[in-house]
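Atom set for the values below is all heavy atoms of this structure, side chains included, hydrogens, waters and symmetry mates excluded.
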Amino acid sequence: MTVLKMEVTAARRSFLCDIGFWADRTALHEAASQGRSLQLKQLIEAGASVNMVTVDNITPLHEACIQARPSCARMLLEAGAQVDVRTIHGSTPLCHACASGSLECTELLLQHGAKVNPSLTALTASPLHEACIQGNVDIVRLLISKGAQLEAYDVHFGPPLHIACAKGQVDCVRELLLAGANVNSVKFHETALHHAARANMTDMIELLVEFGANVFSSDNLARKPVDYTSPVSPSCICLQFYESNPLSLQQLCRIRIRGTFGTRASDVICRLDTSQRIKSYLQYCGHASATAVV
């Protein structure tokens, strides 16, 4: 039977400023990354530090999360792994879990107190941004329910709604809008609708407009969303239609009501003393048409 060699580090070990000991990469990092739960358990029982970091401050927990290894992540957390430790780029294990699309790792980290809104740096995006990039609507919904900031501003992507549109993640866009994200938020005067037009996605354009997106908004190049579409393309025709045909008074009222309620809109609407048909219309259930409540 092969005896497992319980080495704390696979390479050199030094002391780096105030973050403690670091190594090029430890056996613990390797086991967590590759999902080798038994080896990880043996290493921990042998005294290996679960908070050992590499020179770029990556811990075994980061490795387990970026590779979507929930069983390894659980083992590390139960052994005392720091849940919010940050890499030199500012990413937390929760950022990595969302980037990998692992709902299990995300739930586990939040259960252990992970910050859903870690401070942003110039080199990292928020967990919500990462989830929107991957298009994992379940993770997006979970983060929102835990208080994720809908307008968290990333220097590269702007707010989460922008990156969800740029990546064509319609379901994530819908969740953000239903939660109260600002449909007309800007980055360099560019709106989510500019991204949707550039992505040539008519369903996303229609969704944004239904939530009050301004089809006439201009970016810092003085270009409207329609200016980013190809002539006679479906997106171009769709935007031209909305430019020529304003939303109905009924639709505008829905936007106004939801805007007044803000991020509490869904909960407040459910408690309104009115018909279920009107509630469904206000909640955009099934993309209800303007005639649905007549």
Would you check if Ile205 and Ser235 make a side-chain contact, meaning some heavy-atom pair closer than 4.5 Å? yes
Quick check: closest heavy atoms across Val50 and Ala81, and the distance to 0.1 Å? CG2-N, 3.6 Å
Rounded to the nearest 0.5 Å, how far does NE2 of His194 lie from OG of Ser218? 6.0 Å
Can Arg223 be said to sit on top of Tyr228's aromatic six-ring, NZ or CZ under 6.0 Å from centre and within 45° of the ring axis? yes
Between Asp154 and Ser126, is there a side-chain heavy-atom distance shorter than 4.5 Å? no
Test side-chain contact (heavy atoms from CB on, under 4.5 Å) applied to His129 and Tyr153, step by step: CA-CA 9 Å; His129 280 89; Tyr153 194 88; over 6 Å; no
Which pair of non-hydrogen atoms, one from Pro127 and one from Cys98, has the smallest distance, and what is that distance? O-CB, 3.5 Å
From OG (Ser102) to CG (Leu109), nearest 0.5 Å: 8.5 Å
Just so I know, are the side chains of Gln34 and Gln39 near enough to count as touching, which here means a heavy-atom distance under 4.5 Å? no
Closest contact, heavy atoms only, Cys132 versus Leu176: SG-CD1, 3.8 Å
State yes or no: do Leu120 and Ile88 share one hydrophobic cluster built from I, L, V, M, F, W and Y residues joined by side-chain heavy-atom distances below 4.5 Å, directly or via other members? no
Should Ile144 and Leu150 be marked as a side-chain contact (heavy atoms from CB on, under 4.5 Å) after you check the CA-CA gap, both sets of side-chain angles, and the distance that decides it? CA-CA 8 Å; Ile144 291 173; Leu150 301 176; 4.0 Å; yes
ILVMFWY network linking Leu143 to Val83, side-chain heavy atoms under 4.5 angstrom: yes
Going by heavy atoms in the side chains, are Ser230 and Cys236 under 4.5 Å from each other? no
Would you say the side-chain atoms of His96 pair up with the backbone N or O of Leu61, donor to acceptor, closer than 3.5 Å? no
Rounded to the nearest 0.5 Å, how far does CZ of Arg198 lie from OG1 of Thr229? 11.0 Å
Indicate every side-chain donor-acceptor pair of residues 177-188 with a distance under 3.5 Å to a residue at least two apart or in another chain.
residue	atom	partner	partner atom	Å
Asn182	OD1	Asn184	N	3.0
Asn184	OD1	Asn214	N	2.9
Asn184	ND2	Gly212	O	3.0
Ser185	OG	His162	NE2	3.4
Ser185	OG	Asn182	O	3.2
Lys187	NZ	Val155	O	3.0
Lys187	NZ	His156	O	2.4

Between Pro70 and Leu108, what is the shortest heavy-atom contact and its length? O-CD2, 3.6 Å
Can you give me the closest heavy-atom contact between Ala32 and Pro60, atom names plus distance? CB-O, 3.4 Å
Working note: Leu40 + Leu28, criterion side-chain contact (heavy atoms from CB on, under 4.5 Å); need CA distance, chi angles, decisive distance, verdict. CA-CA 6 Å; Leu40 190 66; Leu28 215 64; 3.6 Å; yes
Atom pair CZ/CD1 of Arg86 and Ile58 - distance to nearest 0.5 Å: 14.0 Å
Start with the C-alpha gap between Glu243 and Val226, add the side-chain angles, then the distance that decides, and say whether side-chain contact (heavy atoms from CB on, under 4.5 Å) holds. CA-CA 9 Å; Glu243 287 186 350; Val226 72; 3.5 Å; yes
Is there side-chain contact between Met201 and Val170, with heavy atoms separated by less than 4.5 Å? yes
Same apolar cluster: Ile66 and Leu76, side chain cutoff 4.5 Å: no
Taking atom types as modelled, is there a side-chain donor on Gln67 or Glu63 under 3.5 Å from an acceptor on the other? no
Sequence neighbours excluded, the answer for salt bridge (Lys or Arg N to Asp or Glu O under 4.0 Å) partners of Arg141 is Asp138, Glu175
Do we see a donor-acceptor contact under 3.5 Å between the side chains of Asn51 and Ser49? no
For Ala97, is there any backbone N or O sitting under 3.5 Å from a side-chain donor or acceptor partner on Ser100? yes
Is Leu193 linked to Tyr284 within one hydrophobic cluster, defined over Ile, Leu, Val, Met, Phe, Trp and Tyr using a side-chain heavy-atom separation of less than 4.5 Å? yes
Nearest-0.5 Å distance that lies between atom CZ in Arg254 and atom CD1 in Ile278: 12.0 Å
Within one Ile-Leu-Val-Met-Phe-Trp-Tyr cluster: Phe216 and Leu252, side-chain cutoff 4.5 Å: yes
Report yes if the side chains of Thr274 and Lys279 come closer than 4.5 Å at any heavy-atom pair, otherwise no. yes
Close side-chain approach of Arg25 and Ser33, heavy atoms under 4.5 Å: yes
Polar side-chain atom of Asp171 near backbone of Val137 as donor-acceptor pair, under 3.5 Å: no
Do Arg74 and Glu104 sit within salt-bridge range, that is, some charged N less than 4.0 Å from a carboxylate O? no
Shortest non-hydrogen contact between Pro225 and Val215, atoms and distance: CD-O, 3.5 Å
Can you measure from CZ (Phe157) to NE2 (His195) and round to the nearest 0.5 angstrom? 10.5 Å
Validation row: Gln169, Gln134 side chains within 4.5 angstrom (heavy atoms): no
Run Thr87 and Asp56 through side-chain hydrogen bond (donor to acceptor under 3.5 Å, both in side chains) and show every step you take. CA-CA 6 Å; Thr87 68; Asp56 45 5; over 6 Å; no
